Every structure is written in C-alpha cells, then in structure tokens.
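What follows is a single structure, written as structure tokens, with notes after it.
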Amino acid sequence: MANAKNIERKAEQVNIVAEKIKKAQSLVIFDYRGITVSEDTALRAEMRKENVEYVVIKNHIVARACEASGIDSKVAEMLKGPSAFAFGYEDLAAPARILKSFVKKNKKCVFKGGIVEGELMDAAGIEAIADLPSREVLIARMLGSMMSPISKFAIVLDQIAKQKEGAQAQAQAE
C-alpha cells in the first residue's frame with residue numbers, strides 16, 4: 001500500500017511541475033551548490049519581486065514533467081547533479097537576468113540551461129537571454145522611438161506657424 005501511495009504522490013508532483021512548465025514563459029535550470037542560507041533567501045526574495053518562482057525539485061520529477069509537456073528529451077542531460085529551477089511567468093528574461101546578476105555578485109551558481117517558450121536552450125542561450133532588457137524597458141524604448149517622429153513633426157509645424165505669423169505681421173506693417 002505504501003508503494004502505491006508513493007507512486008501516486010510522485011505522479012501528482014509530475015503533473016504539478018508539468019503544469020508550471022506549460023504556464024511559464026521560461027524555466028532556468030541552474031546548479032545552486034555553494035549558496036549560503038542568507039544568499040538563498042535574498043535570491044528568492046529578488047525572484048519573488050519579478051514574479052519568478054524559485055524551487056528545488058528532484059531531477060527525475062522535472063524530467064518526467066518535461067516529457068509529459070512535450071519538451072525535448074535532451075533536458076535530461078541538464079538534470080545531472082544538484083539542480084534548482086526558476087520559473088518565469090511574466091517576463092521570460094527575468095529568471096536568467098536575476099540569476100546572472102546573482103552569479104556576477106556572488107561568484108556562485110552555474111547555468112545548466114533551460115526552456116524558453118517551449119524550446120530547450122543550453123547555458124549559453126540562457127545567458128544571452130539574461131542580457132535582454134525587461135519588458136517595461138522594451139516598451140519604453142518602443143514608445144520613445146514611436147514618439148520621436150511625432151515630436152519632430154510637431155516642432156516643424158510649430159516653426160511653420162511662427163514663420164507664417166512673422167510673414168503676416170511683416171505684411172501688415174508694410
């Protein structure tokens with residue numbers, strides 16, 4: 001009986017993780033060895049601010065969840081040794097960006113790889129994603145570039161109006 005309960009519990013865990021993988025825009029897999037409790041607490045707090053879920057789950061549970069989610073079976077190669085997982089739900093670059101900043105500051109943790117929008121990526125790919133600006137920054141840049149031509153157009157119209165006013169004033173003076 002205990003064995004059947006254990007199998008049922010593990011199957012439930014696989015389903016929960018598979019659902020998280022489907023819901024997340026990105027999943028970063030990293031080796032967390034060497035992190036102190038205080039560093040771990042700070043990292044978790046930083047991730048929570050960005051709506052990133054940081055968990056430590058058994059590798060075989062994640063491997064089965066990836067299989068159930070239709071993710072490339074090569075993910076098993078990343079799941080060797082101690083692994084932690086950061087699920088990004090709103091900003092796909094947030095988990096990688098936060099971890100890269102943490103690694104740079106603390107010289108601990110190593111990217112193993114991850115899954116971005118359903119596609120498996122190696123450690124180098126995840127590090128490249130970490131360099132992407134946040135969604136808010138991208139939106140601000142886009143709006144800035146859209147507003148630039150409009151503001152230039154408004155300046156030109158204003159100058160034309162002033163020239164016409166000047167011309168009318170000069171014509172009335174004559």
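Since the model is a prediction, treat every value here as computed from it, not as a measurement.
- Closest non-hydrogen pair, Leu92 versus Ser26, comes out as O-OG, 2.7 Å.
- When the side chains of ILVMFWY residues are joined at heavy-atom separations under 4.5 Å, either directly or via intervening members, Val28 and Val56 end up in a single hydrophobic cluster.
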Pair Lys58-Gln13, side-chain contact (heavy atoms from CB on, under 4.5 Å): steps then yes or no: CA-CA 10 Å; Lys58 291 186 176 190; Gln13 287 175 334; over 6 Å; no

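- Proximity of Lys49 to Glu46: side-chain heavy atoms (C-beta onward) are separated by under 4.5 Å at one or more points.
- Leu79 is listed as a side-chain neighbour of Phe85, based on a closest heavy-atom distance under 4.5 Å.
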Is there a side-chain contact (heavy atoms from CB on, under 4.5 Å) between Ile126 and Lys100? Walk through the geometry before answering. CA-CA 9 Å; Ile126 295 297; Lys100 186 169 183 175; over 6 Å; no

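- For Phe30 and Tyr54, the distance between ring centers is under 6.0 angstrom.
- In this structure, Thr36 and Lys108 have side chains that are in contact, with non-hydrogen atoms separated by less than 4.5 Å.
- Remark: Ile61 CD1 to Glu12 CD distance equals 11.0 Å, nearest 0.5 Å.
- When the side chains of ILVMFWY residues are joined at heavy-atom separations under 4.5 Å, either directly or via intervening members, Ile16 and Val14 end up in two distinct hydrophobic clusters.
- Phe111 and Ile129 fall within the same hydrophobic cluster, where Ile, Leu, Val, Met, Phe, Trp and Tyr residues are linked whenever their side-chain heavy atoms come under 4.5 Å apart, directly or through other members.
- Looking at heavy atoms from C-beta onward, Leu99 lies in side-chain contact with Leu43 at the 4.5 angstrom threshold.
- Using a 4.5 Å heavy-atom cutoff, the side chains of Phe102 and Ile35 are in contact.
- Both Ile98 and Tyr32 are assigned to one and the same hydrophobic cluster, defined by single-linkage of ILVMFWY side chains at heavy-atom distances under 4.5 Å.
- Placement of Ile115 and Ile57 within a single hydrophobic cluster is found when ILVMFWY residues are connected by side-chain heavy-atom separations under 4.5 Å, directly or transitively.
- The heavy-atom pair separating Gly113 from Met78 by the smallest distance is CA-SD, 3.6 Å.
- In this structure, CD on Glu53 lies 9.5 Å from CZ on Arg44, to the nearest 0.5 angstrom.
- Using cut-offs of 30° and 60° for the angle between ring planes, the Tyr89 and Phe87 rings count as parallel.
- The two residues Ala68 and Ala18 have their closest heavy-atom pair at CB-CB, 4.4 Å.
- Judged by distance alone, with hydrogens and angles left aside, the side-chain atoms of Thr41 form a donor-acceptor pair with the main-chain N or O of Val37 at under 3.5 Å.
- Residues Ile29 and Val75 form a side-chain contact, since some pair of their non-hydrogen atoms from C-beta on lies under 4.5 Å apart.
- In terms of modelled atom types and a separation under 3.5 Å, the side chain of Lys112 and the main chain of Lys80 share a donor-acceptor contact.
- Taking 4.5 Å as the limit, every side-chain heavy atom of Val62 sits out of range of all side-chain heavy atoms of Ser83.
- When all heavy atoms of Ala86 and Pro95 are compared, the closest pair comes out as CB-CB, 3.8 Å.
- In plain terms, the two heavy atoms of Glu50 and Ala94 that are nearest each other are CB-CB, 4.2 Å.
- Rounding to the nearest 0.5 angstrom, the gap separating the CG atom in Asn15 from the OG atom in Ser69 is 9.5 Å.
- Under the 4.5 Å side-chain criterion, counting only non-hydrogen atoms from C-beta, Lys10 is in contact with His60.
- The line from CG of Leu27 to CE of Met121 is 12.5 Å long, rounded to the nearest 0.5 Å.
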